[in-house]
Amino acid sequence: MFYGFTEEDLAYIDVAKQFAEKRLAPLVGDPEPSEEKARAINKELAEMGFVGMCLPEEYGGMGATRVQYCGVLEALSTVNDDFNTGITKVNMDGNAFVRYASPELRDKYLPRLIAGEIVPATALTEPNVGSDASGIETTATMGTDGNWHINGRKMFCSQFCGRADIFLLVAQTDKSLGHKGIAAFIVERDFPGFQYNIVDDIISEGPYMHATELVLDDLIVPPENLLGRVGQGFMAVSSALDIGRLSIAANCVGVCQRAVNETVKYVQQRKQFGREIGQFQLVQGRLADMITETEAARSLLYRAASTVDQSGGDRMECSYAKFFCSEVAQRVTNNAIQLHGGYGLSKEYPVAHLWESMRQTTIVDGTSDIQRLMIGRSATGFNALRR
Ligand SMILES: Cc1cc2nc3c(=O)[nH]c(=O)nc-3n(C[C@H](O)[C@H](O)[C@H](O)COP(=O)(O)OP(=O)(O)OC[C@H]3O[C@@H](n4cnc5c(N)ncnc54)[C@H](O)[C@@H]3O)c2cc1C
C-alpha cells in the first residue's frame, strides 16, 4: 500500500488497526448495543487522539492531516465502521467551530468534544428540506429577552443511540434574505423547549447509531451560542460537510476492503461442481471488479485528502471522492453478497451488514445526484441547483 504515506501516517494507521482488531472486532453485529458501550469506545478513541484528530492541538486535538485522518477511518472501517460517526461528527462540527465560533464558544465545547466527554450531531435536514438546504424552514428570532427563539423540526440527526449532547443547528432568521439569513447555533440537549424523538427504524445506521427527530417549540438559545454571524450558517455547515464527505469516502474504502477480504476467503472455501468456486472464471471476474474498484476508490480518496492538506480546502475534490467511493461501495458490497450466494443474505456472514451499512452513503451529506450537479456546476459555470 503506497499513497505517499509518511512514517508518521503509517504509525497512526497501525495504532488504529490494532485497536480495531482488539476492541471493535468483538463488537461486529453486537446483539446488545447500548449508548454506554458506544460512549466508552468513543472515549477510548479520544484517548488515542482520534476523536479530535484534525482539530487544533490547543483544544486537545492532534492537528493531524486529512491523509492521516482518512487512513485512521479506513483502518477502523476495515474491521467495524459502527463507531466512526463519533469521530466524524466531532471533526465535522469541530471544523465549523474552528472557522466560525467565537473564542468563548470554542473554549466551552471543543475540549470536551475532543476528549469524548460529549458527542455532537448536525441538525440541518428538515421534513421539507433535504438537498435544498437554502430552503430552511426552521426559524430563529431574537426575542425581547435577548435570547434566540427557535421553532421548527429537524430530521435524521444521527448519533450514538440517537443521543447527542449538543447540536450544530441551522435556522432561518429572515426568509427575505435567503441563504444570507441563515444562522448556525450550538444547542444543548437541555435548553428549554428542546424535545426529541429517537427514530430507530432506519436501516443502514448499524446497531449503535440512530437518527433523532427534533421538535423545537420555542427553543431558547442564549445569544452567545450563535456560531459566527447571521448569514454564516450556510458556510459553517458547508465547512462541516467538506470533511463529512471525505469521512464517508474513507469509511466506504475500508468497508469495500473488508467486503473483498471476506469474499476472497469465502470463494477459496465454498465448493460447487466439485471445485472451489474461486476457480471459476466468472467468479474471479466479479472479484477482480471488486478489487479494482476498491483500489480506484482508495486512490481518489487519498488524492482528495492530500489535495486538501496542500491547498487548505478543495470542495470539488471532496465531492469527487464522496460521489465515487459511495457508488463503488454499493457495487462492491452487492457483489460480495452475490458471490456468497444465499449465505450472503444471512446474518451468519458479515457481507449483508456491509451492504446495509453502505446503503446510506450515496444519500447522506449530499446525494450522488447532488454531487454530480455540484461537479457539473464547477465544470460548466451553469448552476442547475439554482431555485
Ligand atoms: C442514515 C442517515 C443519516 C443522516 N444523518 C443526518 C444528520 O446527522 N444530520 C442531518 O442534518 N441530516 C442527516 N441525514 C439526512 C440526509 O443528509 C438527507 O437525507 C439528504 O441530504 C437527502 O435529503 P432528503 O432525504 O430530503 O432527499 P431529497 O432532497 O428529497 O431528495 C430525494 C431525491 O431527489 C433528488 N434530487 C433532489 N433535488 C434534485 C435536483 N435539483 N436535481 C436532481 N435530483 C434531485 C435527490 O438526489 C434524491 O435522489 C441523514 C440521512 C440518513 C438516511
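FYI, side chains are in, hydrogens and waters are out, and symmetry mates aren't considered; it's all heavy atoms of this structure. Since the structure is predicted, the reported quantities are computational estimates derived from the model, not experimental observations.
Residue F167 forms a ring pair (Phe, Tyr, Trp, His ring centres under 6.0 Å) with just one option from Y109, F194, F191, Y196, and that option is F194.
Under the 4.5 Å side-chain heavy-atom criterion for ILVMFWY residues, a single connected hydrophobic cluster contains both V328 and I370. Transitive grouping of hydrophobic side chains (ILVMFWY, heavy atoms separated by less than 4.5 Å) brings L76 and M62 into a common cluster. With hydrophobic clusters built from ILVMFWY side chains whose heavy atoms lie under 4.5 angstrom apart, V332 shares a cluster with Y320.
Counting only N and O atoms by type, the side chains of D218 and H149 include a donor and acceptor under 3.5 Å apart. Using modelled atom types, one finds no donor on one side chain facing an acceptor on the other under 3.5 Å when comparing T212 with N197. Side-chain contact check for E327 and S368: at least one donor-acceptor pair (N or O, by modelled atom type) lies under 3.5 Å. Defined by atom type and a distance below 3.5 Å, a donor-acceptor pair is missing between the side-chain atoms of Q284 and Q281. Between Q371 and S319, the side chains place a donor N or O and an acceptor N or O closer than 3.5 Å (distance only, hydrogens not considered). Under 3.5 Å, the side chains of E205 and S158 contain a donor-acceptor pair of N or O atoms. Residues Q257 and R298 bring a donor and an acceptor atom of their side chains to less than 3.5 Å of each other.
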Original post:
Going through the distances and angles, do Y208 and L27 end up as a side-chain contact (heavy atoms from CB on, under 4.5 Å)?
Top reply: CA-CA 10 Å; Y208 282 97; L27 295 173; 3.9 Å; yes
Original post:
Given C256 and V260, is the side-chain contact (heavy atoms from CB on, under 4.5 Å) satisfied, shown in steps?
Top reply: CA-CA 6 Å; C256 285; V260 167; 5.5 Å; no
Subject >> From CA spacing to verdict: side chain to side chain donor-acceptor pair (under 3.5 Å), D174, S176 >> reply: CA-CA 5 Å; D174 182 348; S176 68; 2.7 Å; yes
**OP:** Could you please spell out the steps behind the side chain to side chain donor-acceptor pair (under 3.5 Å) verdict for N251 and N84?
**Re:** CA-CA 8 Å; N251 282 4; N84 283 10; 2.7 Å; yes
**OP:** Decide side-chain contact (heavy atoms from CB on, under 4.5 Å) for N225 and F185; before the verdict, give the C-alpha distance in whole Å, the side-chain angles of both, and the deciding distance to 0.1 Å.
**Re:** CA-CA 6 Å; N225 276 40; F185 299 88; 5.5 Å; no
**OP:** For side chain to side chain donor-acceptor pair (under 3.5 Å), just list the numbers for Q18 and E21, CA-CA rounded to whole Å, side-chain angles, deciding distance to a tenth of an Å, and then say yes or no.
**Re:** CA-CA 5 Å; Q18 285 180 35; E21 288 301 342; over 6 Å; no
Subject >> salt bridge (Lys or Arg N to Asp or Glu O under 4.0 Å) evaluation trace for R258 with E262 >> reply: CA-CA 6 Å; R258 176 140 188 249; E262 294 293 341; 3.4 Å; yes
Original post:
R359 and E356: salt bridge (Lys or Arg N to Asp or Glu O under 4.0 Å), yes or no, with the steps?
Top reply: CA-CA 5 Å; R359 190 58 198 88; E356 194 178 287; over 6 Å; no
Subject >> Chi angles and distances behind the side-chain contact (heavy atoms from CB on, under 4.5 Å) call for I13, F5 >> reply: CA-CA 10 Å; I13 292 170; F5 287 141; 4.0 Å; yes
Original post:
Going through the distances and angles, do E74 and Y302 end up as a side chain to side chain donor-acceptor pair (under 3.5 Å)?
Top reply: CA-CA 11 Å; E74 183 196 338; Y302 288 106; 2.7 Å; yes
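Residue-environment remark: CG (D217) stays at or below the threshold of 12 foreign heavy atoms within 6.0 Å. Remark: I203 CD1 is packed, more than 12 non-hydrogen atoms of other residues, nucleotides or ligands lying under 6.0 Å away. No more than 12 heavy atoms of other residues, nucleotides or ligands shown are found within 6.0 angstrom of CZ on R229. Other residues, nucleotides and ligands contribute more than 12 heavy atoms inside 6.0 Å of the CZ atom of F280. Other residues, nucleotides and ligands place no more than 12 heavy atoms under 6.0 Å from the CZ atom of R303. Within a 6.0 Å sphere centred on NZ of K43, other residues, nucleotides and ligands contribute more than 12 heavy atoms.
Atom CG of L385 is separated from atom CG of D132 by 8.0 Å, given to the nearest 0.5 angstrom. A distance of 13.0 Å separates CZ in R245 from OG1 in T361, rounded to the nearest 0.5 Å. The line from NZ of K154 to OG1 of T122 is 10.5 Å long, rounded to the nearest 0.5 Å. Note that CG of N335 is 11.0 Å distant from CD1 of I291, once rounded to the nearest 0.5 Å. Taken to the nearest 0.5 Å, the CD1 atom of I198 stands 7.0 Å off from the NE2 atom of H210. A distance of 10.5 Å separates CZ in R66 from CE in M53, rounded to the nearest 0.5 Å.
Residues E44 and R23 form a side-chain contact, since some pair of their non-hydrogen atoms from C-beta on lies under 4.5 Å apart. At least one side-chain heavy atom of S247 sits less than 4.5 Å from a side-chain heavy atom of I243. Residues V187 and L219 form a side-chain contact, since some pair of their non-hydrogen atoms from C-beta on lies under 4.5 Å apart. You'll find the side chain of L301 reaches within 4.5 Å of the side chain of V253, heavy atoms only. Looking at D82 and H353, their side chains come closer than 4.5 Å, going by heavy atoms from C-beta outward. At least one side-chain heavy atom of C318 sits less than 4.5 Å from a side-chain heavy atom of V308. At least one side-chain heavy atom of L110 sits less than 4.5 Å from a side-chain heavy atom of V98. Between N91 and Y69 the shortest side-chain heavy-atom distance falls below 4.5 Å.
Looking at R106, its side chain does come within 3.5 Å of a backbone N or O of A101 through a donor-acceptor pair. Side chain of D9 to main chain of T6: a donor-acceptor pair is present (N/O by atom type, distance under 3.5 Å, no hydrogens or angles). T292 places no side-chain N or O within 3.5 Å of a backbone atom of D289 that could act as its donor or acceptor partner. Of the possible donor and acceptor atoms, none in the side chain of K89 sits under 3.5 Å from a partner among the backbone N and O of A164. The backbone N or O of A140 sits nowhere less than 3.5 Å from a side-chain atom of T173 that would complete a donor-acceptor pair. One N or O on the side chain of E126 and one on the backbone of T138 form a donor-acceptor pair closer than 3.5 Å. Between the side chain of N151 and the main chain of T139, no donor-acceptor pair closer than 3.5 Å is present. With N80 contributing its side chain and L24 its backbone, the two residues share a donor-acceptor pair below 3.5 Å. Judged by distance alone, the side chain of Q232 and the main-chain N or O of Y100 form no donor-acceptor pair under 3.5 Å. A donor-acceptor pair under 3.5 Å links the side-chain atoms of K37 to the main chain of E32, judged by distance alone.
Aromatic ring centroids of F97 and Y59 lie 6.0 Å or more apart.
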